[in-house]
Visitor: 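Before anything else, here's the structure in question.
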Amino acid sequence: MQPLTLRLMGPVELTGPGRVPLTPRGMRARGALAVMGSATAMRVLRARLQDLLFSTREPENANASLRQVLREIRISLADAREALISGPGWVGLDGQMVRLDMTARPGPDGQMPEFAADLDIPDPEFEDWLRDARMHAEQAVTPQAPEPSLLPVLLTADPVAGDSETGVIAAMILGEAAGRVCDLVPMVAMPDRADPGQSAIVLSAVANRLGQAVHVLVKLSHRPSSRLFWSHKFVLDGGDLTTAMGDCTAQICVGVMRVLEALRTVDAALGVSFADVFSFNQARLERAEHALAGMDDGVNASLTMALRAWVRTTQVFERLVPDPERSIQEAQEFATKAREADPYSATALAVGSVVEGYMNHGQVSFWLAQQAVQADARNPLARYAYSQALTDLGRHKEAHREARAGLAEALSVLNPATWQLRMGISLTRLGRFAEAEQRFDAVQQFAPENRPSLRFLAALRYHRHDEPGALAALQALRRNEPGFSLDLMGSDSYPVATLRQGGLLGVTRSGLI
């Protein structure tokens, strides 16, 4: 069994393999871990531990309370409860099962953490012990730079196939799917033969030919638990194998994203949430930025920087930052660094196009988007950026055609609100207001907090004389956007260029709110 890790610099934290949290909630239970972890051989006399935690209680009550604390620790350890050991008159942690981490890593503010920083046990004996322990830790611990968070790992197994040709087809599908995932989310792909040194998602396949069709069963499982999280059987038409393989690859990519999202809540080694990156919610966007900022600057530097630029730009579009000009400049810097790290990355080129488009650099935005599509025509961000750049250049029919093609791709399910919004904007520019309104309604189904769609709905509903509907959209917009007013919506600085060009800002003079 992989060792557990007890961290005592900063908050007391006990984790299992894959950084699974095992820390007990109780303050005194965490205090007991701190005492045992810092003791010689991680063992302490029961009487000493009892006196530190419950010196103000009667001996009988103190002994019962200590038993409850140890029981809480044992419950939090779950399947690793054998890590809590005891003997005649002592209790402790198994040194072969628990690894003590006393590394002091500076926090976001640059300050060094304190030993057992989260402990505040109102017992004079414990307070004296904690004061001495912190002084000793301050003298004994060598500060180290913060470690980057581990990137999630995707292991690709060699397909099991009935013949060599079918095996090659299955291997091509798995290889392209793994590569496409790594184009969209910071992740490390390696063969199943490699030891990732951490938990991972395993992509495997069984393939067989029946007549002209190729049957491929694809599975996604978790290591080390061996739990199966996703399985799908694909039947590939031998008469149009190229198209069938492309569709299969896209669906596998979506499957990997779904498993990543499901596992991320139980396995901290599985990185950033793609759904957070492409959300419109302030808390989720900030969570995505925090996760991306802590990632390794190595092999995924380009993608990490590109996604940070996307998050920043979304925050500006959604009016979620106090200083939009500074934030869009930060987005531009991230996008530039992303392209410098990988000049041929379709994702980096596409995000750069979106940023330049916001800054009204229409031709530069178009060139970047054009290069992104040339690099990878099936990259969803490349198609999105190209459609948006075409809109900015006034080529609305082409923009709509690109948006419709992108929405038809399987990967559009990863960020449906973004694609529906793009469709709605392109239809509005074409004067097809009824169809556009349906798209903005769809955006609200996927992302109720999306502000641009509410602006369009308010304007389009008022334009067709649906005042109650316009009022509902305006009220929802005011709930989502503090400080919103019709006067603000009508000002030159408000982001409603499409509505302004379409003569659809009559709602700002309606007096509805």
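In what follows, every heavy atom counts, from backbone to side chain, and hydrogens, waters and symmetry copies are set aside. Since we're looking at a predicted model, the values are computed, not measured. All residue numbers refer to positions in the sequence shown, counting from 1.
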Visitor: Using side chain to side chain contact (heavy atoms under 4.5 Å, CB included), reason through T23 and R30 one step at a time and then give a plain yes or no.
Guide: CA-CA 7 Å; T23 312; R30 299 200 303 278; 3.6 Å; yes
Visitor: Could you report the tightest heavy-atom contact between L184 and L303, atom names first, then the distance?
Guide: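 Heavy-atom minimum between the residues: C-CD2, 3.8 Å.
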Visitor: Counting neighbours of CE on M172 that are heavy atoms of other residues, nucleotides or ligands and sit closer than 6.0 Å, is the number greater than 12?
Guide: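 Count not over threshold, so no.
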Visitor: Would you please classify the geometry between the F440 ring and the F456 ring as parallel, tilted or perpendicular, with 30° and 60° separating the classes?
Guide: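 Plane angle under 30°, so parallel.
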Visitor: Identify the two heavy atoms, one from A417 and one from V443, that lie closest to each other, and give their separation to 0.1 Å.
Guide: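 Result for this residue pair: O-CG2, 3.7 Å.
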Visitor: Identify, with sequence neighbours excluded, every residue that meets side-chain contact (heavy atoms from CB on, under 4.5 Å) alongside E333.
Guide: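 Expected list: none.
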Visitor: Has the side chain of T249 got a donor or acceptor atom that lies under 3.5 Å from a matching backbone atom of M245?
Guide: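 Flag set: sc T249 to bb M245 pair under 3.5 Å.
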Visitor: Between R455 and E481, does at least one N-O distance fall below 4.0 Å, as a salt bridge requires?
Guide: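 Salt bridge: yes.
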Visitor: Work out which heavy atom in E340 is nearest to a heavy atom in P343; give both atom names and the distance.
Guide: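 Of all heavy-atom pairs spanning E340 and P343, the closest is O-CD, 4.1 Å.
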Visitor: Determine whether a donor-acceptor pair (N or O, by modelled atom type, separation under 3.5 Å) exists between the side chain of S387 and the backbone of A399.
Guide: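 Between the backbone of A399 and the side chain of S387 there is a qualifying donor-acceptor contact (under 3.5 Å).
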Visitor: Could you tell me whether E289 and R312 make a salt bridge, using a distance below 4.0 angstrom between a side-chain N and a carboxylate O?
Guide: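 Result for this pair is yes, salt bridge flagged.
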Visitor: Go through the steps for R404 and S426 under the test side chain to side chain donor-acceptor pair (under 3.5 Å), then give the verdict.
Guide: CA-CA 10 Å; R404 185 172 57 190; S426 67; over 6 Å; no
Visitor: Starting at OG1 of T304, measure out to NZ of K337 and round the result to the nearest 0.5 Å.
Guide: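 With rounding to 0.5 Å, OG1 (T304) is 12.5 Å from NZ (K337).
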Visitor: Count the heavy atoms belonging to other residues, nucleotides or ligands that lie under 6.0 Å from CZ of R478, then report whether that count exceeds 12.
Guide: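 Incorrect, the count does not exceed 12.
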Visitor: Can we say E435 and R439 salt-bridge, meaning some charged N sits less than 4.0 Å from an Asp/Glu carboxylate O?
Guide: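 No, E435 and R439 are not salt-bridged.
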Visitor: Under 4.5 Å between any side-chain heavy atoms of L14 and L77, yes or no?
Guide: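 The answer is yes, as the side chains (C-beta and beyond) meet within the 4.5 Å cut-off.
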Visitor: Say whether, by atom type as modelled, one donor and one acceptor occur between the side chain of R432 and the main chain of L427 under 3.5 angstrom.
Guide: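 The answer is no, because no donor-acceptor pair under 3.5 Å joins these two groups.
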Visitor: Exactly one of H400, R429, R422 should register a side-chain hydrogen bond (donor to acceptor under 3.5 Å, both in side chains) with T391. Which one does?
Guide: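 That would be R422; it is the only one of H400, R429, R422 passing the side-chain hydrogen bond (donor to acceptor under 3.5 Å, both in side chains) with T391.
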Visitor: Please name the pair of heavy atoms, one in S453 and one in L421, separated by the smallest distance, quoted to 0.1 Å.
Guide: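 So the two residues come closest at N-CD1, 4.1 Å.
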Visitor: May I ask you to decide if the ring planes of W230 and H232 are parallel, tilted or perpendicular, using 30° and 60° as cut-offs?
Guide: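 It falls in the parallel class, under 30°.
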Visitor: For I73, does its backbone N or O pair with a side-chain atom of S76 as donor and acceptor, under 3.5 Å?
Guide: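 Present.
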Visitor: Backbone N or O of T418 within a donor-acceptor pair of the N415 side chain at under 3.5 Å?
Guide: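 Checking the backbone N and O of T418 against the side chain of N415, no donor-acceptor pair under 3.5 Å is found.
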Visitor: Any chance you could measure R461, atom CZ, to E437, atom CD, to the nearest 0.5 Å?
Guide: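 Rounded to the nearest 0.5 Å, the CZ-CD separation comes to 5.5 Å.
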Visitor: Atom CZ in R209, atom CD1 in I169: separation rounded to 0.5 Å?
Guide: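 If we round to the nearest 0.5 Å, R209:CZ and I169:CD1 are 5.0 Å apart.
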Visitor: Between R383 and S412, do the side chains contain an N or O donor and an N or O acceptor separated by less than 3.5 Å?
Guide: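 The answer is no; no qualifying pair exists.
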Visitor: Within the 4.5 Å heavy-atom criterion, are P17 and L4 side-chain neighbours or not?
Guide: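 Heavy-atom side-chain distance check passes, below 4.5 Å.
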Visitor: Would V256 and V185 satisfy side chain to side chain contact (heavy atoms under 4.5 Å, CB included), going step by step from the backbone distance to the final call?
Guide: CA-CA 10 Å; V256 174; V185 66; over 6 Å; no
Visitor: Rounded to the nearest 0.5 Å, how far apart are CG of L460 and CG of D441?
Guide: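 With rounding to 0.5 Å, CG (L460) is 9.5 Å from CG (D441).
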Visitor: Taking side chain as C-beta onward, heavy atoms only, is R339 less than 4.5 Å from L368?
Guide: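 R339 reaches L368 side chain to side chain.
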Visitor: Which heavy atom of L6 sits nearest to which heavy atom of G37, and what is that distance?
Guide: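 Result for this residue pair: CD2-CA, 3.7 Å.
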Visitor: Hey, does Q332 have a side-chain heavy atom less than 4.5 Å from the side chain of I328?
Guide: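 No, every pair of side-chain atoms sits at 4.5 Å or beyond.
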Visitor: I would like to know whether L411 and C253 meet side chain to side chain contact (heavy atoms under 4.5 Å, CB included); could you show each step before the answer?
Guide: CA-CA 8 Å; L411 291 176; C253 181; 3.6 Å; yes
Visitor: Do the side chain of Q282 and the main chain of L320 share a donor and acceptor less than 3.5 angstrom apart?
Guide: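 Side chain of Q282 to backbone of L320, a donor-acceptor pair under 3.5 Å: yes, one is there.
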Visitor: With a sphere of 6.0 Å drawn around CZ of R464, does it hold more than 12 non-hydrogen atoms of other residues, nucleotides or ligands?
Guide: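 Atom CZ in R464 is crowded, with more than 12 foreign heavy atoms closer than 6.0 Å.
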Visitor: Set out, in order, the CA-CA distance, both residues' side-chain angles and the distance that settles side chain to side chain contact (heavy atoms under 4.5 Å, CB included) for M9 and D101, then state yes or no.
Guide: CA-CA 8 Å; M9 296 307 296; D101 184 355; over 6 Å; no
Visitor: Could you tell me which non-hydrogen atom of L174 sits nearest to which non-hydrogen atom of A205, and how far apart they are?
Guide: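 Of all heavy-atom pairs spanning L174 and A205, the closest is CD1-CB, 3.8 Å.
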Visitor: If you round to the nearest 0.5 Å, how far is CG of L220 from CG of L155?
Guide: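 Answer rounded to 0.5 Å: 11.5 Å.
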Visitor: Keeping the roles fixed (side chain from T313, backbone from A309), state whether a donor-acceptor pair exists under 3.5 Å.
Guide: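 Pair found, side chain donor or acceptor close to backbone of A309.
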Visitor: Assess whether atom CZ of R319 is packed by more than 12 heavy atoms of other residues, nucleotides or ligands within 6.0 Å.
Guide: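 Enclosed.
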Visitor: In the structure I gave you, are the side-chain heavy atoms of F234 and V218 within less than 4.5 Å of one another anywhere?
Guide: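 With C-beta onward as the side chain, the pair touches.
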Visitor: Assess whether a salt bridge exists between R223 and D192, defined as any Lys/Arg side-chain N lying under 4.0 Å from an Asp/Glu carboxylate O.
Guide: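 The answer is yes: the pair qualifies as a salt bridge.
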Visitor: Do the side chains of S345 and D183 get nearer than 4.5 Å, heavy atoms only?
Guide: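 No, too far: nothing below the 4.5 Å cut-off.
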Visitor: Start with the C-alpha distance between N379 and T347, add both sets of side-chain angles, then the distance that settles side chain to side chain donor-acceptor pair (under 3.5 Å), and finish with yes or no.
Guide: CA-CA 7 Å; N379 183 294; T347 298; 3.1 Å; yes
Visitor: Do L100 and L93 have side-chain heavy atoms sitting under 4.5 Å apart?
Guide: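 A side-chain contact is absent here, since even the closest heavy-atom pair is not under 4.5 Å.
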Visitor: Quick check: does any side chain N or O of E318 sit under 3.5 Å from a backbone N or O of R451, one acting as donor and the other as acceptor?
Guide: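 Side chain of E318 to backbone of R451: a pair is present.
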Visitor: Quick check, are the ring centers of F278 and W310 under 6.0 angstrom apart?
Guide: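 Yes, close enough.
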Visitor: Please round to the nearest 0.5 Å and tell me the distance separating atom NZ of K219 and atom CG of L203.
Guide: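 Those atoms lie 12.5 Å apart.
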Visitor: Is there side-chain contact between Q370 and V373, with heavy atoms separated by less than 4.5 Å?
Guide: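 Side-chain contact under 4.5 Å: no.
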Visitor: Okay, side chain of S327, backbone of P324: is any donor-acceptor separation there less than 3.5 Å?
Guide: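 Side chain of S327 to backbone of P324, a donor-acceptor pair under 3.5 Å: no, none is there.
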